[in-house]
Every structure is written in structure tokens, then in C-alpha cells.
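Data first, discussion second: the structure below is written as C-alpha cells.
Whatever order the structure lists ligands and atoms in, that order sets their numbers, starting from 1.
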Amino acid sequence: MTTKRRFLPHVLPPVRGAFRLAGLLALLLILHAASGVRPVVAQASGEAPAVGAVRFGLHEGRTRLVVEVERGIAFTATALDQPPRLVIDLPELRWQVASDGQPRGLVTGYRYGSIEQGRSRLVADLSRPFRITDQFVLPPRDGSRMFRLVVDLAAAEPARPAATASSGEPRPPRARPSMATLPAPRPDSPPITAPVPRRPVIVLDAGHGGIDPGTIGVTGVHEKEITLRMARELADTLRATGRYDVVLTRDGDIYIPLRERIALAREAGGTLFISLHADSIADRSFQGASVYTLSDKASDSEAERLARKENKVDIIAGTDLSVHDPIVTSILIDLAQRDTNNKSITFADTLVDDLGAVTRLLRNTRRFAGFAVLKSPDIPSVLLELGYLSNPDDARLLESPTYRSKLARAITAAIDRYFTALR
Ligand SMILES: [Zn+2]
């Protein structure tokens, strides 16, 4: 009974055993009631809590992963596919794991460690598509002082290729096959739904997010914040025309691998893909917007540097696009992509015209390079660098809602002209 006093220190006098048990049950109910991120049961302490063990087991037909931590902490479990991986995001922990369990069930391997200041992560590889069936925290018991973070996993049906359309009717909205394996929606991140593809579907891709801040501006603003604000503003402006359906690859501060962004665009029936970014560079005098399209050969060393930087994000998070993506490795810029690439170039040129009317453009504003996120074989795609966050003027402008709304109107005008010309 002494162990219970660790987390119910002052609730009830130690002699009232039955009441203490009731308190414990209430705590357990609270822990089970919340979904997604579990409540923090931790006491304040200067030092990050230590991880004692990582274990795997089979539990009622499910694969169970248990991380033993000396404090109750909040965590988020996320399922990713292609390849199937479980990502558990955690606060800063001391990974002094005395007992590394043997992978079992669906899990074939795993790794863990610090991912940035204040955050750590455990990534498990799975043998097949799966879903997270439950995640919760259990308090210490049986004389152990360790809390247990528990994630239960079950095999999911593998994603099937899109059904062939039997008529000219638009395909009904289809649940994204891998939707079950996406993270549970957060309060600020409504689920992304695939619209019926009658109107053009504009996919807006706010660069970076979550553990990946992108570049950090002279004002301290993160690229991921600017890109999300711009994507939301542009989405509102486009929707207000009544002419477009708009899909955001992310609508919250979450990390999405580059290939997931492409997959989302394709499964939403995207007609045009716009990836939003902001650059930074040592020379603070650089400023202005620029528009990039895909090429296997960069237009200049500056474009090559930028593509390397923008492609790096997945390597940081452990999901290198170039290794796993059969699309990228097999049909990059081949004949099948030529039509898509021509359309991308047409839209990029249109976009430069309309942006040039309202904002300063970088010299040589139309560039091309091997951006991984532009590698959809069938969706015209451009990457828009909104400006330089390393430049005080650009940073100030991009943080201004008035300026972003001006940009949104210019981009919408370019989209209008592009689709009008296609008719
Ligand atoms: Zn970026």
C-alpha cells in the first residue's frame, strides 16, 4: 500500500484504506476517460523522468507496447503508413532503459531518443498496416514505482488502389484508406475530408509543422507558423469565390512527412498543389517571393541549396522520402510527368505575374529544383517561397495579416487565370 502514497499523497489519511482505494479508482477513471493526450499526473521536478523499460506483449489479440516511466506523463501515439510505423511523442525523458524488450506481434523493431530540446520520441516499425486501438497511462502497482504508458495496436486492412470509375460520374467521397492510421484529430486540427471532385480541388500545403519549425526568422517567428497562417488565409479567400474546393495538408501544428502530403493531395483528388514556405539565408539583404517547380536539375546553386534544405525535414524526423518512395525513384520527370510538369510551369508563371503586382519578387524569381514535395506524378505542383524570414522587412510583412490577405488575393487571381486558360 505504500506505493499508492506516491501519487495520492494528501487525498486521504493512510488509515482509511477503502477511501484510498476509491480515490485510486477515480484517478484510473480520469486516466481512461480522456482520449488522445492523457492528463499529466506528474509532480514538478527539475530533472526529466527516467524510462526504465520498453516492453511488448500480446494482449487480447492486440500488440501491446508498454513504456515504463517514473512519472505519469502525457504522450501522443500516431500511426504512419508506407512504411507502417508507430510514433510516440513524449516530453523530455532520460532514456536509461535497463530493459529493452524483444519486439513482438506486429512490431519488428524500434528506436527512441531525444528529438529536440524538451521532446523525445519512440518510433516502432510494424510488419503491416495497423491502427491504434487504445492508449492510456496506468499508475504504479505491485511494488513498482513506474507508471506505464500503454499503446495497443491491431492490424488494419491494407489500402486498396482506387476503384476504376464505371461512368462519367464523379467518384463519391471515399474515406482515405489510410485515414484510420492518421493521428486522431486534435482540437485545432479538424479531420481532412475528401471533397467530391467537381470543382477544382486546390491543395494547400503549409510547410513544416510540429517538431519541424522550418526556418526561424529574425523576429523569432517560425516558418511553420507563417505557412499555416498563410494557408488558412488563402483557403478562406479561395472558398469565398465559390469556385474551388480547398484541402489543407495540415490545419494545426503537426508534423506531416513530405510523402504523406503528396498522398493526401492525391487521395483528395487534388487538381493543383501549392506548397507554402518562407526561406532564410545568412545575407539579410535578400528579400522577396519566389516560385519553384520540380526539376531533376536545379536552375542554380541557390535553388539547389533551398531544395536540399526543404527536403531535409523528413530525414530529421526519420522518414527519408528518397528511400521509401517508389514514385520518386521510378518516374521522376519521365514522359508520364511531362504534361503535369508543363501545367506546373504554366501556373508558376501565372503566379509570378500576379504576385509581382502586389509584392516584391526575388531576382530570378522563377526557379526549379528537386523538391520532394512537388513529386506528384499527376498533380501540377508549385512551391511558393513567400519571402525571407532572415530579412527584417519580409519577416515583418509576413507577420502582418493585411499583407497575407493581399498575397492571398493575388494567389487567388493567379489560380483563377490558370483554370480559365485551361478551359
Ligand atoms: Zn520551408
Side-chain angles (χ1 to χ4, degrees), residues 115-116 203-234 248-262 264-265 273-284 286-295 298-322 328 344 348 351 355 359 361-362 364-376 381-391 394-395 397-399 403-404 407-408 411:
I115 190 148
E116 62 172 25
V203 181
L204 302 179
D205 175 50
H208 311 277
I211 64 162
D212 166 28
T215 197
I216 295 167
V218 282
T219 58
V221 73
H222 289 184
E223 180 184 354
K224 67 175 183 179
E225 297 164 23
I226 295 294
T227 59
L228 182 58
R229 283 181 224 159
M230 190 66 234
R232 286 173 170 163
E233 176 76 39
L234 183 52
L248 273 64
T249 55
R250 70 176 176 97
D251 193 8
D253 185 18
I254 53 170
Y255 168 78
I256 302 177
L258 296 178
R259 70 153 301 129
E260 275 290 318
R261 294 167 190 257
I262 295 175
L264 272 164
F273 180 90
I274 305 174
S275 191
L276 299 165
H277 288 263
D279 200 4
S280 72
I281 194 165
D283 184 345
R284 288 192 175 188
F286 271 63
Q287 66 182 120
S290 48
V291 182
Y292 291 78
T293 50
L294 179 65
S295 167
S299 53
D300 52 67
S301 59
E302 196 41 38
E304 197 178 330
R305 171 199 68 84
L306 183 65
R308 254 203 319 271
K309 194 174 75 173
E310 298 292 12
N311 291 344
K312 198 176 64 177
V313 301
D314 279 356
I315 300 168
I316 293 169
T319 51
D320 183 359
L321 182 69
S322 59
V328 171
S344 303
L351 184 56
L355 282 176
T359 186
L361 297 174
L362 182 67
N364 301 328
T365 185
R366 269 288 290 118
R367 298 177 179 203
F368 43 89
F371 292 96
V373 79
L374 300 182
K375 288 177 180 173
S376 291
S381 304
V382 305
L383 186 141
L384 169 57
E385 291 282 345
L386 297 158
Y388 283 89
L389 292 178
S390 47
N391 177 274
D394 272 10
L397 282 172
L398 288 170
E399 286 188 66
Y403 181 73
R404 286 197 305 269
L407 285 182
I411 299 166

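A salt bridge between Arg229 and Glu225 is present, with a side-chain N of the basic residue lying under 4.0 Å from a carboxylate O of the acidic one. Using a 4.0 Å cut-off between charged nitrogen and carboxylate oxygen, Asp212 and Lys224 do not count as a salt-bridge pair.
When distances from the Zn ion (ligand 1) to the N, O or S atoms of His277 are compared, ND1 comes out shortest. Glu223 has its closest N, O or S atom to the Zn ion (ligand 1) at the position named OE2.
Under the 3.5 Å distance criterion, with hydrogens and angles disregarded, a donor-acceptor pair is assigned to the side chains of Thr359 and Tyr403.
Coordination check, Glu385 versus the Zn ion (ligand 1): failed, since every N/O/S atom of the residue sits at 2.8 Å or beyond.
Results of the side chain to side chain contact (heavy atoms under 4.5 Å, CB included) test with Leu384 over Asp205, Leu234, Val291 single out Val291 as the only residue that passes.
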